[in-house]
Amino acid sequence: MQKIVIAIDGYSGTGKSSTAKQVATRLGYTYIDSGAMYRAVTYFFLQNGIDFSDVNQVNANLDQCSITFDGSSILLNGENVDHQIRTMEVNQYVSKVSAISEVRHKLVEQQRKMGEKKGVVMDGRDIGTVVFPKAELKVFMTADMEVRAERRRKELVKKGMNEDLEVIKANLKERDRIDSTRADSPLRKADDAKEIDTSHLTLNQQIDKIVEMAESIIYEG
Ligand code: DC
């Protein structure tokens, strides 16, 4: 049976990660959360007081930052940082860090290696356009801002962090703006991506839709 690459892109809070993870489980594929990699670099820069507007400091420190996955956990220099990368502080700076070309170059190279053998589901902002332009299945997820903010709020509550809905909305809007207007690999729908509006879909419906699309490619070619 042929293995494929599934690229899932879209705005924050559209349910990309939860959907992509379950799609991978259902197909027996590996799930890779590319956003977590940008978050881990951001966390590393914040922890080490790196001025990321200074390209020399960025370059000198990127090599000190090894990012790997252990199952669904993300490790930064061997330490599990699953929780540390989901704080509002990281949320606030991650778009700025991910707009830096040197950072993207390093992470895109690593992401391509992880997808070499196919059988992967990767979610992010530039997976269908830059990382895997030849992915057999590309999905672009969207949702209304109100729905996205409420989902993000619930996610934070589950992690014990209470945040005002308006603050979350402002953060999402600002990240949308930076992610879609940056010069290097801006967030956009690939021409051959299938768009799914998740505003009125349950998580299971989102998963079913993508698994169906994937299976029709896997079995029917
Ligand atoms: O999916 P997320 O919210 O965890 O992503 C965090 C940030 O990382 C997001 O604001 C933009 C950036 N990102 C990116 O630039 N390219 C990707 N492939 C994935 C994420």
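Every number for a ligand or one of its atoms is a count from 1 in the order of the listing. The analysis underlying the following values was restricted to heavy atoms, covering all of them including side chains, and did not include hydrogens, waters or symmetry mates.
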Student: Heavy-atom contacts with D126 under 4.0 Å: which atoms of ligand 1 show up? List them by number with element.
Tutor: 16 (N), 17 (C), 18 (N)

Student: Between Q111, E174, R104, which one has a non-hydrogen atom sitting closest to atom 16 (N) of ligand 1?
Tutor: R104

Student: Which ligand 1 atoms does I127 reach within 4.0 Å, using its non-hydrogen atoms?
Tutor: 18 (N)

Student: Under a plain distance cut-off of 3.5 Å, with no hydrogens placed, do T202 and N204 share a side-chain donor-acceptor pair?
Tutor: no

Student: How far is atom 20 (C) of ligand 1 from its nearest protein heavy atom, and which residue and atom is that?
Tutor: G35 CA, 3.5 Å

Student: Is a donor on one side and an acceptor on the other found under 3.5 Å between the side chain of T198 and the backbone of T142?
Tutor: yes

Student: Nearest 0.5 Å, what's the CG-CZ distance between L62 and F44?
Tutor: 8.5 Å

Student: Checking a contact table here: which protein heavy atom is nearest atom 12 (C) of ligand 1, and how many Å away?
Tutor: S98 OG, 3.3 Å

Student: If we count only N and O atoms by modelled type, under 3.5 Å, do the side chains of R125 and S12 hold a donor and an acceptor together?
Tutor: yes

Student: Any idea which protein heavy atom is nearest atom 19 (C) of ligand 1, and the distance to it?
Tutor: S34 OG, 3.3 Å

Student: For the atom pair CG (N91) and CE (M88), what is the distance rounded to the nearest 0.5 Å?
Tutor: 5.5 Å

Student: In terms of residue, atom name and distance, what is the protein heavy atom nearest to atom 9 (C) of ligand 1?
Tutor: R125 NH2, 3.2 Å

Student: Mind checking side-chain hydrogen bond (donor to acceptor under 3.5 Å, both in side chains) for N61 and listing every partner two or more places apart, or none if nothing turns up?
Tutor: none

Student: Considering heavy atoms of the protein only, find what lies nearest to atom 3 (O) of ligand 1 and give residue, atom and distance to 0.1 Å.
Tutor: R175 NH2, 2.6 Å

Student: Kindly confirm or rule out an N or O of S95 lying under 3.5 angstrom from an N or O of ligand 1.
Tutor: yes

Student: Hey, could you give me the CD1/CG distance between I74 and D33, rounded to the nearest 0.5 Å?
Tutor: 7.0 Å

Student: Heavy atoms only, cut-off 4.0 Å: how does R182 contact ligand 1, side chain, backbone, both, or neither?
Tutor: side chain

Student: Which of the atoms of ligand 1 are close to D179, meaning less than 4.0 Å from one of its heavy atoms?
Tutor: 9 (C), 10 (O), 11 (C)

Student: Going by the rule side-chain hydrogen bond (donor to acceptor under 3.5 Å, both in side chains), which residues pair with E155 if we only count those two or more places apart in sequence or in a different chain?
Tutor: R152

Student: What are the atoms of ligand 1, with element, lying closer than 4.0 Å to any heavy atom of G124?
Tutor: 17 (C), 18 (N), 19 (C)

Student: When you look for heavy atoms under 4.0 Å from ligand 1, do you find them on the side chain of R39, its backbone, both, or neither?
Tutor: side chain

Student: Starting at CE of M122, measure out to CD1 of I6 and round the result to the nearest 0.5 Å.
Tutor: 12.0 Å

